[in-house]
Each structure stands twice: as structure tokens, then as C-alpha cells.
Amino acid sequence: MAASHDYQYMARALQLARRGLYTTDPNPRVGCVLVNDGEVVGEGWHERAGAPHAEVHALGQAGERARGATAYVTLEPCVHQGRTPPCVNALVEAGVARVVSTMEDPNALVAGSGNKYLREQGIQVECGLMANEALALNPGFIKRMKTGLPFVRCKMGASLDGRSAMASGESKWITGPDARRDVQRLRARSSAVMTGIGTVLADDPSLNVRADDIGEVEPPGGWRQPLRVIVDPRLSTPVDARILAQPGETLIATTASDDDISELLTKAGAQVIRFPGSPDHVDLPALLRHLAKLEVNEVLLETGAILSGAMVCSGLVDELVIYMAPVLMGDKARGLFRTPEMDRMEDSIRLDITDMRAVGDDWRITAIPVNRDPQ
């Protein structure tokens, strides 16, 4: 059984890992703390894909004091050669005596083999401490490795009576500036931001990370722009849409086969990819599988009622983040999700609320669907 000090040091490692929230994509966020004789002798976190891992930073800080130390790592140390050498080798060479990790790495290239190698080298290994906290830090990486799908977070702004826009489509602004800054942080941590063609035509959004609006210290190298994804079955995206002019990449998912329009959109800066489906519907699971192959961990769904409803009803949304504003918009205003008619309570989509807190004048409700399996 883990001692109280084990929790203390692992909590610190998780705190360090969180520093990579906006920068490590597509790698997981990982932190490491080295402790020798009750003293922290080294700390580190994975800062960016291709850069040294958390263990290497901590070992470099500890130097000779790493010999005989315990390493607290928020993910099983890697055993494979990627862009950087295996971390297990560095731990063995430094003479670390004990390694405590939160969970096995779900990556098939590791998946317990890192812990196995360390044990074979005579190192005491313990795994499973604060696993839920580690899962919460890396939901996208873990889901992608286990299922071949990214983690999908659906963000919506709503009035107190559950409306997302006036009957005319006007929705600027339901929520206040604090909620909008919070959304910027969600974008910044996401690998991709997905929207529907209806939102593009109605609002002409940019869907970029805006440094001036985010309200946090800019990471080294600047803010990473997530991949922008437009679900556009009929290829209706205007070539002068603002989303195409933003830094970073835009992918248009379509079922249409119009080469002329595809060429125009490609020249405007988009990557057009044809998916299975119908003239009105893109095969959403196929799109998500494609995004996972692009190493997309977390998708932020920022769209209207049609696409958000289709994603929720298909069991493709892992988490809902609803910003509820203290305003009433009336019966004729548009709802949050367009769903098939539900005649019985057993047809309803049940949610488990995992967090609720004030964000400025608004309330942020975080919930997960509990009775919908992916189609």
C-alpha cells in the first residue's frame, strides 16, 4: 500500500505534467519527481513532442543524487526508441532504486514492457498510484491508444432555458468574457477543433487560438494552433471563409466528388478529404478514425445543434462542457441539440455531471453521457 508521502510526490509529478497541457500534443503530458532520503532531488516534465521526456529532465537536475532514489512518474516509462531514447535506460543507468507510476502506458509499443524491463534490472516497480488523476490529464492520448478514436469534447453556450441561439440564428454573445477565455483554453489544449458547415455559413468563425484572449502565459514557441475540421458533405465552404485564412491547417470532410470545387478550396488553404456517407451526412466514426490516424488526441466540437446532436446521439461525444448564462431567450430560440423525437424517458440521454463551477457571471457544467455507446 502506498504511503502518504507517495501520494504527495505523485501529486507534485501530476502538477508538473500539467505544465505541458498546451504543448506536448500528440504525446501525453507527463511529469516526474525524483526523491532521495525524503528530499526532492530532481523534477521535470515533458515540454514538447520531440523534446526530452520528463524522466530525462528530472535525472539531469538530480545528477548523482538520482542513485538510490525513487522516481515518481505520471505514466509508465517508455521502453521504445522514438524521437528520443528509451527512458527506462536512463533510469537504470542513473541507479534509480524504485519507480512509482500512475498507470501502464496504453501505447502498444510500451504497454507494461517498460515496467517489466525495470523489474528485470532489479528496480522496485509499483504501478497504479493516482491513476484516475493521470487519466483525467491525458484522456485523448489514452483513448486513442486503446480504441483508435480521439476523445471528443463538445462545447456549447446556453441560456438558462437551454437555448443556444435566437430563432434568427443570432448567438453573439450568450456568455460573458470569462467563459470565452475559458473556451480559448479548451481550444489551446485540443488537437483539433471541429465544426459543421452550418456554423461556417452562419457565423464565419476563425476557430483559432487567440493569444490576447486566452488569459494565460504564452508557452515557449508560442501557442499551437489546432487542426480545424469542417464537416461539409456538399462542399459548401466559401473559398473566402475566415477559417481558411488562419494559421495552421484546415481539413474539410465531405462526401461530394466535385473536383473543381475541391481544387478551389485546396488553393484557398484547405485539405479536402472524401469520406463515406450521403449527400447530407459524413460518416462521423470514419472521420474520427481518420483524425486518430493523424495523431489527434482531443477534439473540441464547436458547432450548432445539428452536428452536436448527431455526435451525441451516435455515442461519439465523451464529454460535454456547457456554459450556462443567466439569461432567458424564449420558446422560439434554438435548442442545444437536434435529436430524434424521444417519446419515453428511457429514450433520453442521461448525463453524469462531473463538475460545476462559476466562470465569471456564467456557470460551466461538465458532464459525460452515461447510456450511449458509439455506433
Side-chain angles (χ1 to χ4, degrees), residues 140 143-144 147-158 162-165 167 169 171 183 186-187 190-203 205 207 226-237 243 250-256 272-292 294 296 298-323 333-344 346-352 365-375:
K143 185 183 178 187
R144 177 167 68 88
T147 69
L149 292 171
F151 183 93
V152 178
R153 181 179 288 113
C154 178
K155 183 279 298 182
M156 302 290 284
R163 305 297 173 173
S164 62
S171 61
V183 171
L186 288 181
R187 283 186 192 172
S190 300
S191 315
V193 178
M194 182 188 297
T195 194
I197 183 58
T199 299
V200 172
L201 295 176
D203 298 339
L207 296 184
L227 172 69
R228 295 175 296 274
V229 181
I230 305 172
V231 180
D232 181 7
R234 297 178 182 270
L235 278 184
S236 303
T237 301
I243 195 171
T250 300
L251 185 155
I252 297 178
T254 188
T255 58
V272 180
I273 299 182
R274 190 179 179 191
F275 289 90
S278 69
D280 294 317
H281 302 284
V282 170
D283 185 323
L284 296 173
L287 171 56
L288 292 179
R289 287 193 295 270
H290 178 79
L291 293 179
L294 297 179
V296 166
E298 297 180 23
V299 174
L300 180 63
L301 185 62
E302 291 196 61
T303 189
I306 296 176
L307 180 57
S308 61
M311 290 283 287
V312 169
C313 290
S314 297
L316 298 174
V317 170
D318 298 288
E319 182 178 85
L320 294 164
V321 181
I322 310 295
Y323 295 89
R334 301 181 183 182
L336 282 172
F337 306 99
R338 183 177 295 182
T339 62
E341 187 172 341
M342 300 179 189
D343 296 321
R344 302 168 299 173
E346 64 187 70
D347 298 326
S348 62
I349 301 173
R350 297 287 180 174
L351 304 175
D352 180 9
I365 302 170
T366 305
I368 56 174
V370 295
N371 63 339
R372 278 294 187 276
D373 294 322
Q375 301 298 305

**OP:** Work out which heavy atom in Lys143 is nearest to a heavy atom in Pro150; give both atom names and the distance.
**Re:** NZ-O, 3.3 Å
Original post:
Can you find a pair of side-chain heavy atoms, one from Arg144 and one from Val296, that are under 4.5 Å apart?
Top reply: no
Subject >> Arg274 side, atom CZ; Asp283 side, atom CG - distance, nearest 0.5 Å >> reply: 13.0 Å
Original post:
Quick one: are Val272 and Thr237 in side-chain contact, heavy atoms under 4.5 Å?
Top reply: no
**OP:** Tell me, yes or no, whether the heavy-atom count around Ile306 atom CD1, taken from other residues, nucleotides or ligands under 6.0 Å, exceeds 12.
**Re:** no
Original post:
Does the side chain of Leu284 reach to within under 4.5 Å of the side chain of Leu307, using non-hydrogen atoms?
Top reply: yes
Original post:
Does the side chain of Phe337 come within less than 4.5 Å of Leu320's, by heavy atoms?
Top reply: yes
Subject >> Derivation of the side-chain contact (heavy atoms from CB on, under 4.5 Å) call for Cys154 and Met311 >> reply: CA-CA 9 Å; Cys154 178; Met311 290 283 287; over 6 Å; no
Original post:
Between atom CD1 of Ile230 and atom CG of Leu235, what is the distance when rounded to the nearest 0.5 Å?
Top reply: 10.0 Å
Original post:
Do the side chains of Val231 and Thr303 get nearer than 4.5 Å, heavy atoms only?
Top reply: no
Original post:
With Ala305, which residues qualify under side chain to side chain contact (heavy atoms under 4.5 Å, CB included), at least two apart?
Top reply: Arg338
Subject >> Point-to-point distance, once rounded to the nearest 0.5 Å, from CD of Glu319 to CG of Leu300 >> reply: 10.0 Å
Original post:
Taking C-beta and beyond as the side chain, do Leu149 and Arg289 meet within less than 4.5 Å on heavy atoms?
Top reply: yes
Subject >> 4.5 Å side-chain heavy-atom contact, Ser278 and Thr255 >> reply: no
Original post:
Between Asp280 and Arg234, does a side-chain contact (heavy atoms from CB on, under 4.5 Å) hold up when you go through it step by step?
Top reply: CA-CA 7 Å; Asp280 294 317; Arg234 297 178 182 270; 2.7 Å; yes
Original post:
Are any non-hydrogen side-chain atoms of Ser164 and Leu336 less than 4.5 angstrom apart?
Top reply: yes
Original post:
Residues in ring-ring contact (aromatic ring centres under 6.0 Å, His included) with His281, at least two apart?
Top reply: none
Please tabulate, for the side chains in residues 193-200, all donor-acceptor contacts under 3.5 angstrom to protein atoms that are two or more places apart in sequence or on a different chain.
unit_1: Thr195; atom_1: OG1; unit_2: Glu302; atom_2: O; d: 2.8
unit_1: Thr199; atom_1: OG1; unit_2: Gly304; atom_2: N; d: 3.3

**OP:** Just do the side-chain contact (heavy atoms from CB on, under 4.5 Å) check on Thr366 and Arg153 with the steps written out, would you?
**Re:** CA-CA 10 Å; Thr366 305; Arg153 181 179 288 113; over 6 Å; no
Subject >> Distance in Å, Ile365 CD1 paired with Ile322 CD1, rounded so as to fall on 0.5 Å steps >> reply: 7.5 Å
**OP:** Decide side-chain contact (heavy atoms from CB on, under 4.5 Å) for Val229 and Val299; before the verdict, give the C-alpha distance in whole Å, the side-chain angles of both, and the deciding distance to 0.1 Å.
**Re:** CA-CA 9 Å; Val229 181; Val299 174; over 6 Å; no
Original post:
When rounded to the nearest 0.5 angstrom, what is the spacing between CG in Leu251 and CG in Leu287?
Top reply: 7.0 Å
Original post:
At their closest point, which heavy atom of Pro226 faces which heavy atom of Ser190, and how far apart are they?
Top reply: CB-O, 3.4 Å
Original post:
How far apart are the closest heavy atoms of Arg163 and Ala333, and which atoms are they?
Top reply: NH1-O, 3.1 Å
Subject >> Test item: Asp318 side-chain N/O and Val152 main-chain N/O as donor-acceptor pair under 3.5 Å >> reply: yes
Subject >> Approximate separation, where rounding is to 0.5 Å, of Thr250 OG1 and Ile243 CD1 >> reply: 5.0 Å
Original post:
Any donor and acceptor pair, going by atom type alone, linking the side chain of Thr254 with main-chain N or O of Ala256 inside 3.5 Å?
Top reply: yes
